Amino acid sequence: MNKIIVIFVLNALILVGCTFANVETQPPAQPTAKTNTIPATPTKPTVATTTPATTPTLNPPTPTQEPTVPARRSVFLISWDAGRADIVYDLMARGLMPNFANMADNGLRAEYAQSIDPSLTAPAHNSMATGCYPSKTGIVSNSFHDPADSFYWYRSGFDEPLDDAEPVWVSASRAGLTSAVLFFPGGTPDLPWQTADYTIAYGVRDAYSRQKTITLHPSSEEWTGATIPSYSTPYEASFTIPEVARVYIFLTDSSDDGVSNHDTIFLNTGHQIADDSLRLTVNQWGTLLLDPSKHAGANFLIQKIELDETSPQVTLFHSGINHNNAAPRELLDSLNKHFGFPPADADEYALEHGWISEEDFLHMLERASLWRAQVSGWVFHTYQPDLLMTWQNNLDSAGHAFFLQDPRQPGYSEEKAHAYTNYYQRAAIAADQALDTMLDVIDLETTTLLMVADHGMAPIHTSVYVNTILEKAGLLKLDNRNYVVVDQSKAFAVCSGGSVNVYINLADYQVDGFVSDEEYPQVQAQVIDLLSSLTDPENGEQVFSRVLSRQDLETVHLNHSHSGDVFAQAQPGYALDCWRGKDTIFDKVEYYGQHGYESSLIEMQGLFIATGVGVPRSGEVIPPMRLIDIAPTIAALLNFNPDPRIDGEAIPALIDHQ
């Protein structure tokens, strides 16, 4: 074919993205444990784009001020979401998590951390932060109904203020100490009366992820600002991410080989090739700033280029679009300057719908984990808080996606289960590497490091649609759009993982409630019977392990107005779903791991490791501790009085050594 050269004007092309290593199809070599805990001097990050990887590498920014040795000791707490004790401890023993093991060997670990009921992220973290049970925090589940709202409405436990409890970081600030809370559920600038001195929330989503197949057309000469050789006719197109940005695509043939093989994509928010354009080839990831006013952006993956002569097409995936949420303003500006917008978390929805592969999922997980670890280290190094609490969700994301262990699970085979076990282990290795990154800025001679998990994880095989149970019993009425008909619905369920709150539409209590005081006991008894008697049609197994009336909720510390008139927890293996309009009560799950079950179960027990100043270096295994013991332990370590409403107690093995 004749060579075609298309020339555009370019002063300099700087590619914006993230530096990642090559794809590893096997788990990476076992990392070595961190031995040097003296703070390192970070450097400003560099950015580029290559293929997805198991271990992305970034360089943290130079601190805004020169650190000095703290006058008093500090506490650095890491919550490893869904870090199931028996599994993590086994991986430590097998050498797959050497930094975790080194911390335990040079400190102590508990047999397990006892979660609260329900064993869910939002209520568990709020109990961890306050030392109080959900009966005081008011965060009774990941999602719950407030009787002040319309009957069908529910709230997110991640965004709601505490009721009769105070976070330990507020108590610390009141005592004259400085605190930082990073990505920690319950710590957000949106609730300024319960924020830390330095607060970074888990980001704000501006748009959901999507996979798109886009048809291109021959390029016009309106693209300016670049000198880009294309040895075949270039193509272009654009698409819109609603309420965020229009993205322009420029496709070129970069090979002078006499063959039409378009292989290079440029992405930009303007019809030009510019310094902030993103250059990718197939199977490459990169990042693009989409909304400078919010400093919001996304990760992009080019998945396929189809060179049809009449209508060439590009298939790409973009992650959710996110921007940072931090306070004070100086922290937000510095975060945006040094680290950019937050990477999207591993996308379970995209994996379930076939938009991304398992390798892509792990790439997203590792990228987000490393970013959070580096931000946490940077905040600790730069602002030197007395107390820092941060959060990592490697094990939670991987558990939901890869906990394939039971032959009853859809798609189970020994081969697939083995592959998914390896994926989970790679997520655990990424957690260990994130710890390694944070250890670079932690001096264990002056800092106590606490590592804890909010709950564990259990494999699941069957979804149970609780609102379908209520609808079939005549307690819930839906219209033709599957909206709740409030004035004809006596009960409505709000589910989270393995637990459910069922609310009764009681007159003079619920907005527009109509169930009378006389009828209430009958409706409540009917709901209890429906759940208690429910069995799996496949094997006759009882679905629910515990069904409690509101009057009995004090026994599990859930006696709060946000709790249901009936609260229930399923047996592990069953995931409760409150989708409305489902014809059947039972269906196959679309993912593999869940929590929210009874906190006494081994599957729900989390890890706890402590090391550093004030911790005996014995490698001792102490008796189980409780999540509600974390806040008073922090107060004791930092020598201030905790809030008097706490339910927990300082951990003796740590405090007796002081």
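This is a predicted model, so every value here is computed, not measured. Only heavy atoms go into these numbers, but all of them, side chains included; no hydrogens, no water, no symmetry mates.
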K.L.:
Judged by modelled atom types alone, do Glu598 and Ser545 share a side-chain donor-acceptor pair under 3.5 Å?
P.N.:
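Ser545 and Glu598 do have a side-chain donor-acceptor pair below 3.5 Å.
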
K.L.:
Please determine, by modelled atom types, if Trp391 and Asp81 share a side-chain donor-acceptor pair under 3.5 angstrom.
P.N.:
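Yes, because at least one side-chain N or O of Trp391 sits under 3.5 Å from a partner of the opposite role on Asp81.
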
K.L.:
Under 3.5 Å, is there a donor on one side chain and an acceptor on the other for Gln594 and Tyr591?
P.N.:
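Note: Gln594 and Tyr591 side chains meet the donor-acceptor criterion.
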
K.L.:
So, Ser369 versus Gln392: side-chain donor-acceptor pair below 3.5 Å or not?
P.N.:
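Yes, Gln392 and Ser369 have a side-chain donor paired with an acceptor closer than 3.5 Å.
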
K.L.:
When you check the side-chain N and O atoms of Thr130 and Thr137, is any donor under 3.5 Å from an acceptor?
P.N.:
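Not at all, the side chains of Thr130 and Thr137 share no donor-acceptor pair under 3.5 Å.
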
K.L.:
Is there a side chain to side chain contact (heavy atoms under 4.5 Å, CB included) between Glu166 and Arg645 once you walk through the steps?
P.N.:
CA-CA 8 Å; Glu166 178 178 88; Arg645 293 166 290 187; 3.7 Å; yes

K.L.:
Spell out, as yes or no, whether a donor-acceptor pair under 3.5 Å connects the side chain of Asp565 to the backbone of Arg550.
P.N.:
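Here the side-chain-to-backbone pair does not exist.
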
K.L.:
Checking Arg84 side chain against Gly399 main chain: does a donor-acceptor pair fall under 3.5 Å?
P.N.:
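Answer holds: no.
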
K.L.:
Is it true that a side-chain atom of Ser516 and a backbone atom of Glu519 form a donor plus acceptor pair closer than 3.5 Å?
P.N.:
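Yes, the answer is positive, given that a donor and an acceptor are paired below the 3.5 Å cut-off.
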
K.L.:
Between Pro185 and Asn126, which heavy-atom pair has the shortest distance, and what is it?
P.N.:
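In terms of heavy atoms, the two residues are closest at O-ND2, 4.5 Å.
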
K.L.:
Do Asp643 and Ser171 get their side chains close enough for a donor-acceptor pair, meaning under 3.5 Å?
P.N.:
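Distance-only check fails for Asp643 and Ser171.
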
K.L.:
Would the distance check show the side chain of Ser127 and the main-chain N or O of Ala124 forming a donor-acceptor pair, the cut-off being under 3.5 Å?
P.N.:
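Not a single qualifying donor-acceptor pair exists.
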
K.L.:
Among side-chain atoms of Ser532 and Asp529, is any donor-acceptor pair under 3.5 angstrom?
P.N.:
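No pair is found: no donor N or O on one side chain lies under 3.5 Å from an acceptor on the other.
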
K.L.:
For Tyr592 and Tyr420, I'd like to know if the aromatic rings sit close, meaning centre-to-centre distance below 6.0 Å.
P.N.:
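That pair passes the under 6.0 Å test.
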
K.L.:
Side chain to side chain contact (heavy atoms under 4.5 Å, CB included), that's the test. Do Met92 and Ile609 meet it? Break it down for me.
P.N.:
CA-CA 12 Å; Met92 289 162 52; Ile609 297 171; 4.0 Å; yes

K.L.:
Looking at Ala453, is its backbone amide N or carbonyl O close enough to the side chain of Ser79 to form a donor-acceptor pair, meaning the two atoms are under 3.5 Å apart?
P.N.:
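Flag not set: sc Ser79 to bb Ala453 has no pair under 3.5 Å.
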
K.L.:
With side chain to side chain contact (heavy atoms under 4.5 Å, CB included) as the test, would you mind laying out the steps for Gln524 and Val566 before giving the verdict?
P.N.:
CA-CA 7 Å; Gln524 187 183 52; Val566 175; 3.9 Å; yes

K.L.:
For Leu77, which of Leu388, Ile630, Thr390 qualifies under side chain to side chain contact (heavy atoms under 4.5 Å, CB included)?
P.N.:
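With Leu77 as partner, side chain to side chain contact (heavy atoms under 4.5 Å, CB included) holds for just one option, Ile630.
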
K.L.:
Any luck finding a side-chain donor-acceptor pair between Asp163 and His560 under 3.5 Å?
P.N.:
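Yes, side-chain donor-acceptor contact under 3.5 Å.
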
K.L.:
Would you find a donor on one side and an acceptor on the other, under 3.5 Å apart, between the side chain of Gln569 and the backbone of Pro118?
P.N.:
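Side chain of Gln569 to backbone of Pro118: no pair is present.
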
K.L.:
Strictly by modelled atom types, are Asp386 and Ser74 linked by a side-chain donor-acceptor pair under 3.5 Å?
P.N.:
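Side-chain D/A pair, Asp386 to Ser74: absent.
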
K.L.:
For the pair Glu160 and Ile139, evaluate side chain to side chain contact (heavy atoms under 4.5 Å, CB included) and give the outcome as yes or no after the intermediate values.
P.N.:
CA-CA 7 Å; Glu160 288 298 301; Ile139 310 302; 3.9 Å; yes

K.L.:
Hey, is the main chain of Thr421 close enough, under 3.5 Å, to the side chain of Gln405 for a donor-acceptor pair?
P.N.:
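Between the backbone of Thr421 and the side chain of Gln405 there is no qualifying donor-acceptor contact (under 3.5 Å).
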
K.L.:
Checking side-chain polar atoms at under 3.5 Å, does Ser115 have a donor or acceptor matched by the opposite partner on Gln605?
P.N.:
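No.
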
K.L.:
Please find the pair of heavy atoms, one from Ala82 and one from Tyr424, that lie closest to each other, and give the distance.
P.N.:
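Closest approach of Ala82 to Tyr424, heavy atoms only: O-OH, 4.4 Å.
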
K.L.:
Kindly state each residue pair satisfying ring-ring contact (aromatic ring centres under 6.0 Å, His included) with at least one member in residues 448-470, sequence neighbours excluded.
P.N.:
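Residue pairs with at least one partner in residues 448-470: His455-His595, His461-Tyr574.
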
K.L.:
State whether a side-chain donor-acceptor pair under 3.5 Å links Ser173 with Ser179.
P.N.:
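Yes, because at least one side-chain N or O of Ser173 sits under 3.5 Å from a partner of the opposite role on Ser179.
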
K.L.:
Strictly by modelled atom types, are Ser463 and Asp587 linked by a side-chain donor-acceptor pair under 3.5 Å?
P.N.:
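Asp587 and Ser463 do not have a side-chain donor-acceptor pair below 3.5 Å.
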
K.L.:
Can a side-chain donor-acceptor contact be found between Asn501 and His145 if the only test is distance below 3.5 angstrom?
P.N.:
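Result is no, nothing qualifies.
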
K.L.:
Are Tyr503 and Phe492 near enough that their ring centres are under 6.0 Å apart?
P.N.:
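No: the rings miss the under 6.0 Å criterion.
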
